[in-house]
Amino acid sequence: MTIAQKRPASPRLSNSFISSLKKQFPDLIPPTIALTIFLVLWQLFAWTPGATLPGPIQVIQDTWILIFWPFYDRGGLDKGLFWQILASLQRVAISYTLAAIVGIGLGILIGVNKTMSKALDPIFQLLRTVPPLAWVPISLAALRQNEPAALFVIFITAIWPILINTAVGVTQIPQDYNNVAKVLQLSRKEYFTNILIPAALPYIFTGLRIAIGLAWLAIIAAEIVMSGIVGIGFFIWDAYQNNNVSEVILALVYIGVVGLLLDKAMGWLQNKILPAEQK
């Protein structure tokens with residue numbers, strides 16, 4: 001009687017994973033060592049007499065519930081860190097999208113129209129230097145509600161790098177491209193889609209990548225001073241008011257991780273869309 005034997009699994013998947021891990025391993029060693037040294041120094045500093053900030057061990061001990069149960073929801077503002085970060089990301093997504101649309105549109109306008117550029121550039125240069133926190137009282141006075149005021153603070157903070165980089169990208173289009181467009185008698189639509197946008201795209205993505213970081217910074221600042229809304233910024237301020245320093249530190253770690261992921265996601269999108277010669 002012939003006994004059917006189970007065929008061994010193909011080693012291709014495991015071999016490819018191991019080879020990929022070996023390639024990435026040299027790049028993982030330096031940041032791992034640096035992070036370990038940082039945590040050790042932080043812990044040693046926390047053990048020194050008179051230290052007021054908790055070390056990493058105490059932070060984990062004080063916040064293990066928040067770490068392992070980020071999805072809890074007890075209603076109102078008492079929510080886990082997942083929901084706090086999600087609420088902040090939703091605000092960033094709305095305002096960042098509006099900032100991208102308006103910023104790219106205005107950037108193209110002032111890039112192709114020198115008169116508009118001369119008229120609006122002083123205003124833009126003045127407004128872009130205003131810190132995000134300075135917009136909070138103005139937005140609250142104008143909009144009267146925390147939620148739209150927070151959205152406006154993100155929008156007004158994120159729009160400037162998009163607008164300015166787009167305008168610079170349009171003005172940096174080689175004159176040869178414009179001459180070719182004139183020779184071929186391209187329509188305005190064909191010029192925008194085939195010459196202007198592709199040529200300015202690297203500058204546009206530079207502005208978008210800078211703006212996503214500024215938008216994330218702005219929402220944190222806005223939520224800290226705007227009480228009564230769910231968000232990671234308000235979570236930090238509420239934890240500080242209740243003297244929960246470990247929760248503040250944990251939230252800062254989450255903020256940094258999310259900011260890093262947003263930047264990496266925008267970089268990945270840039271590499272996927274831009275042609276190889278423009279990267």
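Worth saying up front: this structure is predicted, and the values here are computed from it rather than measured. The figures here come from the full heavy-atom set of this structure, side chains too, leaving out hydrogens, waters and symmetry mates.
Across all non-hydrogen atoms, the minimal contact from Ile159 to Gly103 is CG1-CA, 3.8 Å. Of all heavy-atom pairs between Pro161 and Asn165, the closest is O-ND2, 2.7 Å. For Ile110 against Ser117, the heavy-atom pair with the smallest separation is O-CB, 3.3 Å. When all heavy atoms of Thr171 and Gly111 are compared, the pair lying nearest together is CG2-O, 3.7 Å. Nearest approach of Ser88 to Ile232, heavy atoms of both residues: OG-N, 3.0 Å. Here the closest heavy-atom approach between residue Glu247 and residue Ala239 is recorded as OE1-CB, 3.7 Å.
In this structure, Phe124 and Trp160 have tilted ring planes: the angle between them lies in the 30° to 60° band.
Residues that satisfy the side chain to side chain contact (heavy atoms under 4.5 Å, CB included) test with Leu109, not counting sequence neighbours, are Leu106, Met116. Scored by the side chain to side chain contact (heavy atoms under 4.5 Å, CB included) test, Ala142 finds no partners at all (sequence neighbours excluded). Applying the side chain to side chain contact (heavy atoms under 4.5 Å, CB included) test to Pro132 and every residue at least two apart in sequence or in another chain returns Val153, Thr157, Ala218. The side chain to side chain donor-acceptor pair (under 3.5 Å) search around Ser246 returns Asp62, not counting sequence neighbours. Every residue meeting the side chain to side chain contact (heavy atoms under 4.5 Å, CB included) condition with Tyr203, not counting sequence neighbours, appears here in chain and number order: Val168, Gln172.
Listed by first then second residue, pairs satisfying salt bridge (charged side-chain N to carboxylate O under 4.0 Å, His left out) with a partner in residues 32-46 number zero, not counting sequence neighbours. Among pairs with a residue in residues 81-104, those fulfilling salt bridge (charged side-chain N to carboxylate O under 4.0 Å, His left out) read Arg91-Glu147, Arg91-Glu223, at least two apart in sequence or across chains. Judged as a salt bridge (charged side-chain N to carboxylate O under 4.0 Å, His left out), the pairs with a partner in residues 251-266 (not counting sequence neighbours) are, in order, Arg209-Asp263. Among pairs with a residue in residues 206-252, those fulfilling ring pair (Phe, Tyr, Trp, His ring centres under 6.0 Å) read Trp237-Tyr240, at least two apart in sequence or across chains. Applying the ring pair (Phe, Tyr, Trp, His ring centres under 6.0 Å) test to residues at least two apart or on different chains, the pairs with a partner in residues 73-120 are Phe71-Phe82. The salt bridge (charged side-chain N to carboxylate O under 4.0 Å, His left out) analysis of residues 118-142, with sequence neighbours excluded, yields no pairs.
Ile204 CD1 to Leu163 CG: the interatomic distance, rounded to the nearest 0.5 Å, is 11.0 Å. Atom CD1 of residue Ile224 and atom CD1 of residue Ile219 lie 10.5 Å apart, to the nearest 0.5 angstrom. Separating the CD1 atom in Ile162 from the CD1 atom in Ile212 is a distance of 8.5 Å, to the nearest 0.5 Å. The distance from atom CD1 of Ile67 to atom OG1 of Thr63, rounded to the nearest 0.5 Å, is 3.5 Å. Rounded to the nearest 0.5 Å, atoms CG (Leu81) and NZ (Lys79) are 13.0 Å apart.
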What donor-acceptor contacts under 3.5 angstrom involve side-chain atoms of residues 28-55, with partners at least two apart or in another chain?
residue, atom, partner, partner atom, Å
Thr32, OG1, Leu28, O, 2.6
Thr36, OG1, Thr32, O, 2.8
Trp42, NE1, Pro54, O, 3.1
Gln43, OE1, Ile57, N, 3.1
Thr48, OG1, Phe45, O, 2.5

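Looking at Thr166, its side chain never comes within 3.5 Å of a backbone N or O of Ile104 through a donor-acceptor pair. Using a distance-only test at 3.5 Å, with no hydrogens or angles considered, a donor-acceptor pair links the side chain of Thr97 to the main chain of Ala93. Within the 3.5 Å criterion, the main-chain N or O of Val136 finds a donor-acceptor partner in the side chain of Ser139.
Each of Trp69 and Val253 belongs to its own hydrophobic cluster when Ile, Leu, Val, Met, Phe, Trp and Tyr are linked at side-chain heavy-atom distances under 4.5 angstrom. At a threshold of 4.5 Å between side-chain heavy atoms, the hydrophobic network of Ile, Leu, Val, Met, Phe, Trp and Tyr places Ile108 and Phe205 in one connected group. Linking Ile, Leu, Val, Met, Phe, Trp and Tyr whenever their side-chain heavy atoms come within less than 4.5 Å puts Ile154 and Leu208 in one cluster. Hydrophobic clustering places Ile236 together with Leu262 (ILVMFWY residues linked when any side-chain heavy atoms are closer than 4.5 Å, directly or through intermediates). Hydrophobic clustering keeps Leu217 apart from Ile138 (ILVMFWY residues linked when any side-chain heavy atoms are closer than 4.5 Å, directly or through intermediates).
For CG of Asn242, the number of neighbouring non-hydrogen atoms (other residues, nucleotides, ligands) closer than 6.0 Å is greater than 12.
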